[in-house]
Amino acid sequence: MRLLLIEDMPRLRDLLIESVHSAGWRIDAFATIAEAEEAVATTPYDLLLIDLGLPDGDGLDLVRAIRRQGRRTPILVMTARAAIDERIAGLDAGADDYLVKPFNHGEFLARCRALLRRSPETAPPLLTAGGLVFDPATGVLTCRGVETPLTPRERAIVEILMREVGRAVPKRKLEHALSEFGDDISTNAVELAVSRLRKKLTGIEPGASLETIRGLGYLLSEMKD
Ligand code: CA
């Protein structure tokens with residue numbers, strides 16, 4: 001899952017980035033409408049998190065513009081404007097949900113999950129490999145109905161690998177995903193993460209294999225019987 005955030009308060013922006021990373025989702029954060037508009041036009045996002053009082057305008061104008069362009073990406077508006085008519089204006093402008101600041105971190109993530117799974121057209125399909133099933137909206141990995149705990153970084157890697165089952169994923173793609181978590185990517189950070197994940201995945205699903213292909217990257221495949 002890839003989220004976009006527009007929030008001009010650096011402290012809150014950092015907290016929200018941390019919160020989203022804890023769910024295993026990726027996030028691009030911006031402080032102005034201009035920067036965010038450009039990103040929305042070029043990157044497919046699964047959820048947009050939009051603050052309203054921004055240095056270069058009103059976030060609601062951006063919400064309206066996105067809907068005018070026919071984009072149906074779920075939008076969560078986050079603002080201190082708490083009056084009932086302001087909430088109505090936000091939803092009528094095209095937001096799918098409205099969260100009044102200050103809000104609770106747990107509620108914020110629950111609303112994100114709800115928006116990510118809400119519409120059948122925008123909800124991401126479940127990813128499978130053998131008996132492994134990963135839900136990108138919730139970050140939950142199960143094998144034959146049993147949930148396997150994953151760290152946020154493992155969730156990000158599992159999602160990338162499971163989108164490409166049967167195809168090699170370049171190492172730099174995983175490096176990039178880990179670096180988004182603010183990690184200092186040493187040469188073997190990816191190897192280490194993959195090796196831990198391999199133990200976890202093949203431990204619960206012997207029919208899955210996660211191979212290192214020298215010079216190419218990593219390959220998650222399911223054995224057919
Ligand atoms: Ca603001």
Side-chain angles (χ1 to χ4, degrees), residues 1-119 121-124 136-139 152-153 155-156 159 176-183:
M1 298 279 91
R2 189 171 202 98
L3 281 62
L4 172 137
L5 166 68
I6 319 172
E7 170 57 64
D8 60 322
M9 270 179 55
R11 215 181 104 72
L12 181 57
R13 192 166 61 235
D14 289 348
L15 280 172
L16 290 170
I17 291 172
E18 205 176 296
S19 200
V20 165
H21 280 163
S22 77
W25 301 319
R26 302 160 77 183
I27 186 164
D28 296 331
F30 304 96
T32 64
I33 292 177
E35 291 170 309
E37 242 173 351
E38 202 183 320
V40 167
T42 55
T43 312
Y45 288 104
D46 299 294
L47 174 61
L48 310 176
L49 309 169
I50 301 181
D51 174 32
L52 296 189
L54 291 159
D56 57 344
D58 187 335
L60 275 192
D61 291 333
L62 176 62
V63 173
R64 287 189 197 98
I66 288 168
R67 294 305 184 224
R68 265 201 310 273
Q69 292 158 10
R71 292 181 201 277
R72 305 182 66 181
T73 317
I75 295 178
L76 172 62
V77 158
M78 307 167 305
T79 173
R81 300 178 195 168
I84 195 75
D85 54 341
E86 291 172 316
R87 295 178 194 226
I88 292 169
L91 294 167
D92 282 345
D96 297 283
D97 198 2
Y98 196 99
L99 193 54
V100 174
K101 296 175 182 173
F103 48 75
N104 171 276
H105 154 92
E107 183 184 358
F108 163 70
L109 284 180
R111 283 179 190 266
C112 290
R113 287 193 296 273
L115 288 168
L116 287 169
R117 66 173 179 251
R118 182 168 290 173
S119 143
E121 289 135 79
T122 54
T138 58
R153 286 165 181 74
R155 262 178 247 154
E159 180 173 344
H176 182 68
L178 287 185
S179 70
E180 287 183 11
F181 284 86
D183 294 2

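Whatever order the structure lists ligands and atoms in, that order sets their numbers, starting from 1.
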Checklist line | Under the side chain to side chain contact (heavy atoms under 4.5 Å, CB included) test, residues paired with R67 that sit two or more places apart | finding: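 Side chain to side chain contact (heavy atoms under 4.5 Å, CB included) check on R67 returns I75, D96.
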Quick one: do [X] and [Y] make a salt bridge, cutoff under 4.0 Å?
X	Y	result
D14	R11	no
R155	E159	no
D97	R111	yes

Notebook entry, point to check: For the Ca ion (ligand 1), how many protein N, O or S atoms come closer than 3.0 Å?
Noted result: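 With waters ignored, the protein N/O/S count below 3.0 Å is 3.
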Note to self: Just to verify, what does F108 make a ring pair (Phe, Tyr, Trp, His ring centres under 6.0 Å) with, not counting sequence neighbours?
What the structure shows: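 Partners of F108 by the ring pair (Phe, Tyr, Trp, His ring centres under 6.0 Å) criterion, ordered by chain and then number, come out as F103.
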Notebook entry, point to check: Under the side chain to side chain donor-acceptor pair (under 3.5 Å) test, which residues partner S22, sequence neighbours left out?
Noted result: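 Expected list: none.
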